[in-house]
Number of protein chains: 2
Amino acid sequence: MREHPQGDQAGQTRDRILATAARLFAEHGYEHTPLSHVARESQVSKALVLWHFDSKEKLFRAALGRTLEPYFIDVDDLAGLAEGAQIERLIELFYEFVRDNVYSVRLFFGLILNGERRPDDVVERVNELYAIFRSLLADIIASGQLSGRFRTDVEPRLDASLILAALVGILIERFMHDEDQSAELLTYLKQTAVRRLIA
Amino acid sequence: MREHPQGDQAGQTRDRILATAARLFAEHGYEHTPLSHVARESQVSKALVLWHFDSKEKLFRAALGRTLEPYFIDVDDLAGLAEGAQIERLIELFYEFVRDNVYSVRLFFGLILNGERRPDDVVERVNELYAIFRSLLADIIASGQLSGRFRTDVEPRLDASLILAALVGILIERFMHDEDQSAELLTYLKQTAVRRLIA
DNA sequence: GTCTATATACAGATAGAC
DNA sequence: GTCTATCTGTATATAGAC
């Protein structure tokens, strides 16, 4: 169901606008992305952008949706690994994912921190992914406890939260100092997180 | 040394403007704080605001400076405690500090994440405080190793970084979900961080 | 669907009186 | 120092021709 009926060429132009907008919003943020730039880089007029999306706000929401598409975690990657290795791999996956999506991750953080303009559905989706990741970690820890490889005096849920918090903290630091000095710390996190679990 | 010479009443009005600006910038961010609001809430005209600070950008920098003033760590609080307790106390201090300065901390994060408008001096000052905190932690850990209370197979510098990262991650999560579910995690961090150091 | 031209609003900044 | 009035730029959004 679309707001505007479409002709035979499907929404080619509409899509081009959307892709451009997603890129520009991610690169420069909402406030610093005037419709004129979106229009110019999409090689259309401002009026057409608004004809397709009614308002800048709606364009923004539509673009956010597109930006969220690649957000998922590839669990297949973990098959056949021992619990310790699974945890290390998950940490790596999270890290790589953020590294490959710096722009949009930055955008989301900014969105949430700014307070204003919190598209509830988007925030919810991000929280959901966060929760999935944490559950995955917690499940692996619990499973390691059952198999006797991990010590049983740790709380899987809290440990998972702590690992995730450390991971987020490392990434934040990476945002602050542009140069990448975080690889060392990431390795240390992997070591520490797993070692403290070993029975 | 001031840009504008001052009369006998010192900079009363100037100060009121500055305080208002600091509050509004922290609450709503740079983009969503027009000079007209600063002027209205300071009960002066826009022109006067600009007469005192020349431009919005300069007003912003001045306000940031004021916001940074309460940023320090009270080391006296640690005297007489054992290393483990010192670490726990430092974690609490950091946490309480952020809790008591949510607005400005949020502002700084936003500032850094946004990419645009990175007042170098301010960012540098925040980094400095960050570094001080990390050094404090690292020194305590090293001292605990020397006194034989902590195990020697951990790297003080990296361990300090990891604790700090976890702390930051917890705070970020607190920003995302407004309700405070982070107390439990904080306690767990204190326990975990110290326990893994014990010889 | 796509354009040009225009309306409207509001921002930051200036001029000049007091 | 402080004001009112104004300039100037730029943003979103609309009108109407093609």
Side-chain angles (χ1 to χ4, degrees), chain A residues 1-64 110-111 114 116-117 119, chain B residues 1-64 110-111 114 116-117 119:
Chain A
M1 192 59 181
R2 286 211 182 78
E3 296 86 350
H4 301 278
Q6 303 266 327
D8 283 338
Q9 311 100 314
Q12 289 182 26
T13 309
R14 191 181 190 278
D15 262 25
R16 202 172 62 246
I17 296 171
L18 200 52
T20 306
R23 199 186 82 243
L24 292 181
F25 282 137
E27 279 178 17
H28 308 118
Y30 183 84
E31 314 291 343
H32 297 97
T33 308
L35 288 178
S36 57
H37 288 190
V38 178
R40 174 159 34 87
E41 300 217 13
S42 309
Q43 292 173 298
V44 295
S45 66
K46 274 195 300 181
L48 187 61
V49 175
L50 285 167
W51 183 87
H52 275 294
F53 297 95
D54 291 348
S55 74
K56 188 184 179 183
E57 185 71 30
K58 287 186 185 166
L59 171 63
F60 182 63
R61 310 237 170 183
L64 271 189
L111 221 62
N114 249 348
E116 342 252 345
R117 195 177 341 280
Chain B
M1 193 59 181
R2 288 213 181 77
E3 296 87 351
H4 301 280
Q6 303 267 326
D8 283 338
Q9 311 100 311
Q12 290 181 24
T13 309
R14 191 181 190 276
D15 262 24
R16 203 173 61 246
I17 296 171
L18 200 51
T20 306
R23 199 187 83 244
L24 291 181
F25 283 138
E27 280 178 17
H28 308 117
Y30 183 84
E31 313 291 343
H32 298 97
T33 308
L35 288 179
S36 55
H37 289 190
V38 177
R40 175 157 34 88
E41 300 217 13
S42 311
Q43 293 174 298
V44 295
S45 66
K46 270 196 305 181
L48 187 61
V49 175
L50 285 167
W51 183 86
H52 276 295
F53 297 95
D54 291 349
S55 73
K56 187 183 180 183
E57 183 71 28
K58 286 186 186 166
L59 171 62
F60 182 63
R61 310 234 172 185
L64 271 188
L111 219 62
N114 249 348
E116 342 253 344
R117 192 178 343 281

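Letters go in sequence order (proteins before strands), and every chain restarts at 1.
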Worksheet entry | side chain to side chain contact (heavy atoms under 4.5 Å, CB included) partner of B:Val49, chosen from B:Leu18, B:Leu59, B:Thr20 | B:Leu59
Atom pair distance, as rounded to whole Å: [atom1] in [X] and [atom2] in [N]:
X: A:Leu48; N: D:dA15; atom1: CG; atom2: P; answer: 17 Å
X: B:Glu31; N: D:dT12; atom1: CD; atom2: P; answer: 12 Å
X: A:Phe60; N: D:dT12; atom1: CZ; atom2: P; answer: 13 Å
X: A:His52; N: C:dC3; atom1: NE2; atom2: P; answer: 9 Å

Item to complete: Please identify each residue that fulfils side-chain contact (heavy atoms from CB on, under 4.5 Å) with A:Ala22, with sequence neighbours left out.
Response: A:Ala63, A:Arg66, A:Thr67
Worksheet entry | For B:Arg40, all residues meeting side-chain contact (heavy atoms from CB on, under 4.5 Å), sequence neighbours excluded | B:His37
Worksheet item: How would you list, by chain and number, every residue that makes a salt bridge (charged side-chain N to carboxylate O under 4.0 Å, His left out) with A:Lys46, sequence neighbours excluded?
Response: none
Item to complete: Would you indicate, yes or no, if C:dT2 has its OP1 or OP2 atom less than 4.0 angstrom from a side-chain nitrogen or oxygen of A:Thr13?
Response: yes
Worksheet item: Between B:Leu50 and B:Lys56, what is the shortest heavy-atom contact and its length?
Response: CD2-N, 4.1 Å
Worksheet item: In the 5'-to-3' direction, what one-character label does each nucleotide of nucleotides 11-18 of chain C receive under the scheme B = base within less than 4.0 Å of a protein heavy atom, S = sugar-phosphate only, - = no such atom?
Response: SBBBB---
Practice prompt. Would you work out how much the helix from C:dG1-D:dC18 to C:dC18-D:dG1 bends between its ends, with each end axis defined by five base pairs, to 10 degrees?
Written response: 10°
Discussion item. Can you tell me how the ring of A:Phe25 sits relative to the ring of A:Tyr30, calling it parallel under 30°, perpendicular over 60° and tilted otherwise?
Written reply: parallel
Discussion item. What's the separation between atom CD in B:Gln43 and atom CG in B:Leu48, rounded to the nearest 0.5 Å?
Written reply: 12.5 Å
Fill in: Within residues 18-25 of chain B: residues closer than 4.0 Å to DNA chain C (heavy atoms)
none
